[in-house]
Amino acid sequence: MGAEGCFGGIDIGGTKIYAIVTDREGAILASAKKKSKAHQGFETVMERAVSCLKEACDEADVKTGKLAAVGVGAPSPILPDGTAVNAPNMKWFHVPLVPTLHKALGVPVFAENDCNAGALGEYALGAGRGCRSLVGFFVGTGLGGGMVFDGELLRGANLMAAELGHVIVHVGGRRCGCGHNGCLEAYASKTGMARRLAWETLHQGRETMLTELCDGDFASIKSSALREAYRAGDELAVETLHEMADYLGVGVANTITSLGPEVVVLGGGVFEALGEDLLGRVRDAAAAHTHPPDSFADTRILLASLADDAVALGAMVYARAGAEGPDNG
Ligand SMILES: [Zn+2]
């Protein structure tokens with residue numbers, strides 16, 4: 001196949017960079033992975049992203065400079081000029097993300113917030129394929145969201161909307177990393193669950209096999225450890241994950257009540273590990289809180305299907321639209 005019909009997708013995260021090369025339809029021809037080494041600064045991450053994409057291109061036997069466009073997903077709001085505004089875990093504040101990669105790669109580059117990209121990936125190529133509107137919830141260390149309606153990401157007038165993890169679901173509730181209290185992320189994320197586990201074990205004297213599974217450091221707990229404890233019937237693990245699912249269901253219900261999407265997708269590490277176990281509980285909580293009750297039946301709540309490829313594929317879809325859009329045709 002001619003390289004002109006090929007696209008690149010790069011998922012830049014706090015710990016790793018994942019790059020793919022695809023055909024025009026999004027079939028992955030090759031991929032590569034690298035540590036981000038974010039602590040070494042923005043320039044290092046950019047160099048590593050470029051070399052990661054080049055590695056995937058080599059593997060696919062495609063010249064990097066011949067890619068039709070490259071899409072990038074990064075954990076930050078992205079301004080129209082390609083500036084990444086604020087990525088606390090990368091220590092990025094107003095860095096020239098797109099200009100830097102464009103200069104290094106010599107092809108059109110388009111960047112989007114990683115959760116927006118993930119939602120777009122699931123919409124175009126994953127669990128939501130064929131639907132008109134989709135809202136994604138990605139539960140990992142934090143809780144990220146993305147909303148796609150008629151193929152367009154919903155970013156709001158401020159370009160920063162879709163922060164579904166920071167919708168308040170409990171006034172005066174558990175403290176969130178963002179400084180507010182009672183955000184959805186304070187319950188429906190590994191960080192939120194870690195707070196509860198620390199409280200229950202330190203202040204209530206409760207025991208859980210999770211303490212040993214994470215060496216007493218709940219903040220670093222892995223989704224696989226949560227799954228192991230949940231499936232072993234560990235009482236505190238089950239309670240904590242059920243609380244997570246119940247709150248997430250409320251978040252899903254609020255989304256259905258306000259936007260009525262055709263599909264809600266649940267993804268991220270926690271749902272990759274425990275999706276089958278928790279999907280029913282999230283659905284029940286969503287059904288119990290959606291208004292009007294009948295409207296619930298019109299939304300399909302599904303598990304994400306692209307796993308670790310979602311962000312890179314969504315970024316590729318975003319770049320394809322940008323490169324082939326009316327402004328660039
Ligand atoms: Zn918050």
Side-chain angles (χ1 to χ4, degrees), residues 12-15 38 73-79 84-94 112-119 135-148 153-200 203 217-221 223 226 239-259 261 264-271 274 278 282 285-286 289 304 310-311:
I12 300 180
T15 53
S76 166
I78 312 283
L79 297 180
V85 179
N86 183 352
N89 62 346
M90 313 285 294
K91 300 207 164 47
W92 290 1
F93 299 98
H94 283 269
E112 191 36 90
N113 167 268
D114 54 0
C115 292
N116 280 352
V135 173
F137 290 84
F138 301 98
V139 185
T141 306
L143 193 165
M147 311 192 282
V148 188
L153 282 162
L154 227 61
R155 298 184 187 79
N158 54 18
L159 304 175
M160 296 180 201
E163 286 289 349
L164 302 178
H166 301 281
V167 168
I168 310 287
V169 291
H170 187 160
V171 172
R174 195 179 291 161
R175 190 83 171 158
C176 179
C178 74
H180 291 141
N181 288 77
C183 294
L184 183 54
E185 181 174 288
Y187 301 89
S189 71
K190 285 199 290 183
T191 307
M193 288 189 279
R195 283 201 183 181
R196 162 141 196 213
L197 291 165
W199 168 262
E200 296 282 0
H203 298 286
D217 178 17
F218 293 117
S220 69
I221 204 157
S223 297
L226 290 169
E239 258 179 48
T240 304
L241 280 154
H242 282 176
E243 179 188 67
M244 185 280 291
D246 291 344
Y247 272 97
L248 185 60
V250 170
V252 170
N254 289 345
T255 303
I256 297 174
T257 301
S258 21
L259 296 166
V264 168
V265 163
L266 309 178
V270 172
F271 275 83
L274 281 152
L278 298 174
V282 177
H289 293 92
V311 173

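If you read the sequence from its start, that first residue is 1, and numbering goes on from there. One-based numbering, in listed order, for ligands and for the atoms of each.
Residues R174 and R196 form a side-chain contact, since some pair of their non-hydrogen atoms from C-beta on lies under 4.5 Å apart.
Atom CD1 in I221 sits 5.5 Å away from atom CG in L197 (nearest 0.5 Å). Atoms CG and NE2, on N181 and H170 in that order, are 9.5 Å from each other to the nearest 0.5 Å. Distance check, rounded to the nearest 0.5 Å: NZ of K190 to CG of L143 gives 12.5 Å.
Distances from the Zn ion (ligand 1) under 2.8 Å pick out these protein N/O/S atoms: H166 ND1, C176 SG, C178 SG, C183 SG.
Judged as a side-chain hydrogen bond (donor to acceptor under 3.5 Å, both in side chains), and not counting sequence neighbours, N158 has no contacts.
For H242, the NE2 atom sits in a packed shell: over 12 heavy atoms of surrounding residues, nucleotides or ligands are nearer than 6.0 Å.
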